[in-house]
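Below: the structure, in C-alpha cells.
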Amino acid sequence: MNKKQKKVLTRIIIAAVLMIILHFIPVKGIIRFLLYMVPYLVIGYDILKKAFKGIKNKQVFDENFLMAVATVGAIAVALYENGDYTEAIAVMLFYQIGELFQSYAVGKSRKNISELMDIRPDYANIEVDGKLTQVDPDEVAIGSVIVVQPGEKVPIDGVIVEGSSTLNTSALTGESVPRDAKCGDEIISGCINMSGVLKIKTTKEFGESTVSKILDLVENSSSKKSKSENFISKFAKYYTPAVCYSALALAILPPLVRILFLSAAPQWGSWIYRALTFLVISCPCALVISIPLSFFAGIGGASREGVLVKGSNYLETLSQTRYVVFDKTGTMTEGVFEVAGVYDNTLDREKVLEYAALAESSSSHPISRSLQKAYGKEIDRTRVTDVEEISGHGVTAKVDGVSVAAGNYKLMKKLGLSYSETDKVGTIVHIAIDGCYEGYILISDKIKPTSAAAIKALKKAGIKGTIMLTGDSRTVADSVAAELGIDEVYSELLPGDKVAKVEELLAKKGSKEKLAFVGDGINDAPVLSRADIGIAMGAMGSDAAIEAADIVLMDDDPLKIAKAIKISRKCLRIVYENTYFAIGIKLICLVLGAVGIANMWLAIFADVGVMVIAVLNAIRALFVHKL
C-alpha cells in the first residue's frame with residue numbers, strides 16, 4: 001500500500017470511529033449538525049474539492065459531482081426532516097472504501113506486471129584497467145565490450161565474445177527452461193545470466209535494444225483503445241448528464257404534478273430523497289474503472305506468458321479470429337537449414353558447394369547461410385562479382401570470372417536450361433555453371449516439435465481454417481501441410497503473391513470474422529500489416545517483427561498462438577460480464593430508486609458494491625497461466 005492509499009485508509013478509520021461515537025451522543029439541533037459535519041468533511045473533503053474544480057473548469061458531470069450533490073442533498077433533507085445524517089456520511093464513506101479498493105487493485109495488477117516484466121537493467125559493467133565499473137546502459141556505445149556476471153541481467157543486445165553460460169529468459173518468453181549460450185552466440189537484453197561470466201560486444205544502443213522495445217511496447221499498450229473502451233468513454237459522456245437531468249426531473253416534476261393536477265401535498269422531501277438516491281445509484285464507476293482494468297490485466301497476463309500485445313484493440317480483434325494463416329519457414333519449421341546432399345552433379349561435390357556458397361555469399365537468407373556452412377571455409381568475397389538477386393528465383397553471379405546461377409527451377413527456366421526433376425522433400429537449389437546445368441543441392445528444414453500440436457490446439461479453440469503460404473516448392477509445402485494437418489496450402493509464392501493471397505482470403509471470410517497472419521516478421525512485414533491481426537513468431541531481437549506485428553510472441557513456439565487467442569477470449573468475456581452486470585444492476589436499482597423502493601443503502605450497493613465486484617472480476621484476466 002502506498003502513501004496516498006494509507007492516508008485514505010486513515011481517513012476512513014477516523015470517519016467510521018467518529019460516526020460510531022456520535023451514534024451514542026444524545027445531542028440535537030445545530031450542535032448535532034456541526035458534530036456530524038466533522039466525519040463528513042474528514043472522509044469527503046477531497047471529493048467536494050474535485051467536484052468544485054470540475055464546476056469551475058466547466059467539466060461538471062463526473063462521479064465526484066454526483067457524490068457531492070447526492071451527499072450534500074441528503075444532509076439538507078436530514079436537516080429539514082429528522083436530523084439523521086448517517087446515510088449521507090455512509091454514502092461518502094463507502095464510496096471512499098470502494099475507491100481505495102479499486103486503487104489498490106489497479107496498483108496490484110501494475111505491480112504484478114512490472115514484476116513479470118522486471119527486465120529493465122539498472123547498470124552495465126565496463127572493464128577499465130582490469131576493474132569493473134558500473135555505468136548507465138544509455139552511456140554504452142555500439143561495439144563496446146560489457147561484462148555480465150552470474151545473477152545479473154544482460155543490459156544491451158550483443159554477441160558473446162568470451163565465456164559460456166546458461167540464460168534465464170522467462171521474463172521475455174514465459175519459458176522457465178534455461179538456454180545455453182556460448183562464444184559467438186547472439187544475446188538479447190533482458191535475459192538473466194545464471195552461471196558463467198560473459199563478455200559481450202554490443203550491437204545496439206540501449207534505446208534500440210530488445211529490452212527497451214519491449215518495455216516501451218507494454219507501457220504504450222494502453223494508448224490503443226478497444227471498441228469496448230471507446231464505447232464506455234462515449235457512454236459515460238452522455239450517460240452522466242442524462243442521469244443528472246433525470247434526477248432533477250424526479251425531484252421537481254412529481255411534486256408539481258401532485259400540486260397542479262391531484263390537489264395533493266407535494267411531498268418535496270420524499271421526492272428529493274428519491275432523486276438523491278437515484279444520483280448515487282447512477283454513478284458509472286464500475287464501468288469506467290473495470291473495463292480498462294480488464295484489458296490492462298489481460299495484456300499483463302499475456303506478457304507474463306511471453307505474448308506481447310500492442311494494445312487492447314488488438315486483444316479484442318484477436319478474440320474474434322476464425323482463420324489463421326501461417327508462413328512456413330521459421331514459423332512452422334525450425335528455419336535451420338542443412339545441406340542434405342548434392343545430386344546429378346558432374347563436377348566434384350565440394351566444387352559445386354563452393355560455387356553455390358560464393359554466389360549466395362551476399363545474401364543473409366537461411367538457405368545462403370546453410371550453403372556457406374556446408375562449404376565450411378572462409379568466404380572470400382573478392383572472388384565474387386556481378387551479383388544479381390532475382391526475387392523469388394535465386395541469384396546469378398561471377399565467381400573467379402565463371403558465371404554461376406543458383407536458385408529454384410524458375411531460375412533455370414528463365415535461363416532456358418533443362419534441369420532435373422525430383423520428388424525429394426526439401427528446398428532444391430539448382431546450380432548452373434558457365435551456362436551448363438550442374439545438378440542440384442537438397443536443403444532440408446526440420447518441422448518444429450510443437451507445430452502439429454499447435455494446429456490441433458487452434459482447431460480445438462474454434463478456428464475454422466488454417467492456411468499455409470510459402471515460397472517453397474509444391475512438394476515440400478504439401479508434405480509439411482499434410483504432416484501438420486493444415487487445411488489449405490499455397491506454394492511457390494513470391495512476397496507480393498502472399499499479400500494478394502491474404503487479400504483473397506480476407507474477401508472470402510464473414511464480416512465479423514477476423515484473419516490472423518503468423519510470420520517470422522522479417523520477410524513478412526507487408527502481410528503482417530495487411531491481415532486483420534499480425535502475429536510475429538520467433539521475434540526475439542527482430543526489429544522488423546516488433547514494428548510490423550500487432551502481437552509479438554517472444555519465443556518461436558507455435559503453441560503460443562492458441563494460448564494468445566484463449567487469453568484474448570477470456571479477457572473479452574470478462575469485459576462483457578462486467579458491462580452487462582454493471583448496466584443491468586444499475587437499471588434495476590434506478591427503477592427501484594425512482595419508484596421509492598430503494599433507499600440510500602441500496603444505492604451504496606448499486607454504486608460501491610457493483611464497482612468492487614466488477615474490479616475483482618477484472619483482475620481475473622491477469623491469471624492466464626493454465627489456459
Side-chain angles (χ1 to χ4, degrees), residues 104-120 153 167-179 190-192 194 211 214-215 217-219 221-222 290 292-312 314-316 318-319 321 324 448-451 453-463 516 518 533 535-540 549-578 614-627:
Y104 180 74
V106 171
K108 184 90 175 132
S109 67
R110 280 189 188 278
K111 188 170 176 242
N112 282 349
I113 292 162
S114 63
E115 279 171 6
L116 300 167
M117 297 298 292
D118 183 22
I119 53 178
R120 189 188 295 281
K153 294 185 195 100
L167 303 173
N168 179 349
T169 62
S170 59
L172 297 172
T173 65
E175 294 299 325
S176 55
V177 181
R179 298 189 178 193
C191 303
I192 297 169
M194 293 173 70
V211 65
I214 292 167
L215 290 164
L217 191 152
V218 174
E219 284 161 11
S221 62
S222 59
S290 70
L293 181 61
S294 302
F295 281 111
F296 183 75
I299 288 168
S303 69
R304 173 166 61 183
E305 296 300 308
V307 178
L308 295 182
V309 184
K310 283 189 176 180
S312 47
Y314 301 123
L315 204 62
E316 190 166 48
L318 186 65
S319 70
T321 299
V324 181
K448 286 181 186 172
T450 55
S451 290
I455 299 298
K456 277 184 189 169
L458 285 169
K459 288 181 178 176
K460 199 175 174 185
I463 296 299
V518 189
I533 194 98
I535 304 173
M537 288 285 294
M540 293 202 344
D550 306 314
I551 293 171
V552 180
L553 306 187
M554 289 311 293
D555 62 7
D556 58 357
D557 185 356
L559 266 173
K560 288 277 174 79
I561 306 162
K563 181 107 178 182
I565 290 170
K566 286 177 189 171
I567 290 169
S568 69
R569 288 181 185 166
K570 178 178 180 178
C571 181
L572 263 291
R573 193 164 60 246
I574 289 167
V575 166
Y576 291 133
E577 284 168 4
N578 280 346
V615 166
L616 272 174
N617 195 34
I619 289 171
R620 285 198 307 119
L622 197 61
F623 306 106
V624 293
H625 187 62
K626 291 182 180 176
L627 281 183

Rounded to the nearest 0.5 Å, what separation is found between the [atom1] atom of [X] and the [atom2] atom of [Y]?
X: Leu572; Y: Ile567; atom1: CG; atom2: CD1; value: 12.5 Å
X: Arg569; Y: Thr321; atom1: CZ; atom2: OG1; value: 7.0 Å
X: Asn168; Y: Lys153; atom1: CG; atom2: NZ; value: 11.0 Å
X: Ile533; Y: Leu318; atom1: CD1; atom2: CG; value: 5.5 Å
X: Thr450; Y: Ile455; atom1: OG1; atom2: CD1; value: 10.0 Å
X: Asn578; Y: Leu293; atom1: CG; atom2: CG; value: 8.5 Å

Smallest separation among heavy atoms of [X] and [Y], with atom names:
X: Ala564; Y: Val307; result: CB-CG1, 3.9 Å
X: Leu315; Y: Ser568; result: O-CB, 3.2 Å
X: Lys570; Y: Val624; result: CD-CG1, 4.4 Å
X: Glu305; Y: Lys560; result: O-NZ, 3.0 Å
X: Glu316; Y: Tyr576; result: OE2-OH, 4.4 Å

Arg620: which residues meet the side chain to side chain donor-acceptor pair (under 3.5 Å) condition with it, sequence neighbours left out?
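With sequence neighbours excluded, Arg620 shows a side chain to side chain donor-acceptor pair (under 3.5 Å) to Glu577, Asn617, given in chain and number order.
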What residues form a side chain to side chain donor-acceptor pair (under 3.5 Å) with Lys456, not counting sequence neighbours?
none
Donor-acceptor pair, side chain of Lys448 and main chain of Asp557, under 3.5 angstrom
no
Atom pairs and distances, side-chain donor-acceptor, residues 295-302, under 3.5 Å, sequence neighbours left out:
none

